[in-house]
Amino acid sequence: MDLHVFEGNGQPAIVVHAGAGGVPQSYTRSERKECEDALKQAVDAGRAVLEAGGAALDAVIAAVTAMEDFPLFNAGRGAALTTAGEAELDASVMTGTGQAGAVTGARHIRNPIEGARAVMEHTRHVLLIDPSVTMLREWGVAAADPSYFVTERRLRALQDYLAAHSAGGAGLGAGNSGAGGGGARHGTVGAVAVDAAGHLAAGTSTGGVTGQAPGRVGDTPIIGAGTYARDGVAGVSCTGFGEDFIRHVVAYDVVARLQYLGESLQEAVAHVLANPAEVDGGLIAVQPDGTVAYGFDTAHMWHAQWQG
Ligand code: ASP
């Protein structure tokens with residue numbers, strides 16, 4: 001397990017991830033550099049909001065939107081495809097004050113995290129399936145044609161996956177450990193921030209896993225599994241094999257351990273990631289004093305951070 005905690009100094013902070021998995025061998029050196037630059041741009045987008053005195057929620061949305069727009073990450077354009085060759089996008093956002101919104105199976109929202117925010121701010125619901133273009137228009141959220149999300153790279157990854165899993169028919173949509181190797185396991189994006197007022201926010205966005213069954217829902221849009229935030233305690237965004245994170249309610253578990261057991265962030269994250277048989281992936285977290293953590297029990301997790 002790789003786990004790092006950076007103490008805060010009472011200033012705003014933001015940390016982002018872009019997925020956990022094996023060593024991203026399927027990326028060329030220049031693609032890896034592009035991914036690192038994209039992470040830095042995402043942190044800078046959030047940082048700009050926080051330095052201007054903006055809200056943690058706005059910083060998280062700015063960072064996640066930047067990563068959704070980057071086609072090598074598995075969110076927004078360039079997301080992983082279902083066995084039907086389509087992108088079904090999941091995203092969620094939560095504020096430390098207890099507001100939450102999420103979308104699942106979204107096929108028309110250009111930036112799914114904006115859809116999640118709109119569900120939170122414009123409806124009395126938490127989670128909507130594939131909001132229509134009409135709804136998006138009412139909310140003032142940009143729509144996109146489903147073809148916008150599909151890239152050549154993801155079509156190739158799907159073909160590889162289908163070829164590797166067709167013999168015997170076993171495992172279709174059952175995981176993401178097949179063809180494509182380490183690189184196929186990367187790219188879900190997330191951000192967690194604390195602002196100058198000490199408020200927390202967390203957001204996560206993904207296309208799920210390559211070759212997932214149409215209609216499959218992972219942890220990312222499930223509040224408590226992939227995303228959670230509670231002011232005074234912590235915000236958390238997760239990445240990895242989503243079914244594990246749902247079964248173990250991982251994001252909420254970190255917050256609960258901090259709040260109810262009085263564990264340190266180091267202890268809480270170590271505990272939930274301690275058994276690789278239970279949880280395969282990683283997470284990022286921020287506390288109200290600006291303490292930042294990232295941890296993963298895979299070989300690699302893209303991440304970057306800023307502390308004021
Ligand atoms: N957690 C995401 C899902 O299961 C995938 C990932 O983070 O790689 O949909």
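Every number for a ligand or one of its atoms is a count from 1 in the order of the listing. We number each residue from 1, following the sequence as shown.
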**Part of Thr239 with heavy atoms under 4.0 Å of ligand 1, whether side chain, backbone, both or neither** = both
**Asked** So does Ile129 have more than 12 non-hydrogen atoms from other groups sitting under 6.0 Å from CD1?
**Response** no
**Request:** Run down the list Gly226, Gly240, Ala79 and name the one with the heavy atom closest to atom 2 (C) of ligand 1.
**Result:** Gly240
**Request:** Check whether any N or O atom of Glu243, backbone or side chain, sits under 3.5 Å from an N or O atom of ligand 1, and answer yes or no.
**Result:** no
**Item:** Lys/Arg cation over aromatic Phe241: Arg247, 6.0 Å, 45° cone
**Value:** no
**Asked** For ligand 1, is there an N or O atom under 3.5 Å from any N or O atom of Gly242?
**Response** yes
**Message:** Between Glu86 and Arg154 (salt bridge meaning N to carboxylate O under 4.0 Å), is one present in this structure?
**Reply:** no
**Message:** Using a 4.0 Å cutoff against the non-hydrogen atoms of Asp219, which atoms of ligand 1 qualify?
**Reply:** 1 (N), 2 (C), 3 (C), 4 (O)
**Item:** Note: Arg117-Glu121 ion pair, threshold 4.0 Å (strictly below)
**Value:** yes
**Asked** What do you reckon, are the aromatic ring centroids of Phe296 and His300 less than 6.0 Å apart?
**Response** no
**Prompt:** Is the closest basic N to carboxylate O distance between Arg153 and Glu31 below 4.0 Å?
**Reply:** yes
**Prompt:** Counting heavy atoms only, which of His17, Arg216, Glu88 is nearest atom 4 (O) of ligand 1?
**Reply:** Arg216
**Message:** Suppose I only count heavy atoms of Gly208 and a 4.0 Å limit; which atoms of ligand 1 are within that range?
**Reply:** 5 (C), 9 (O)
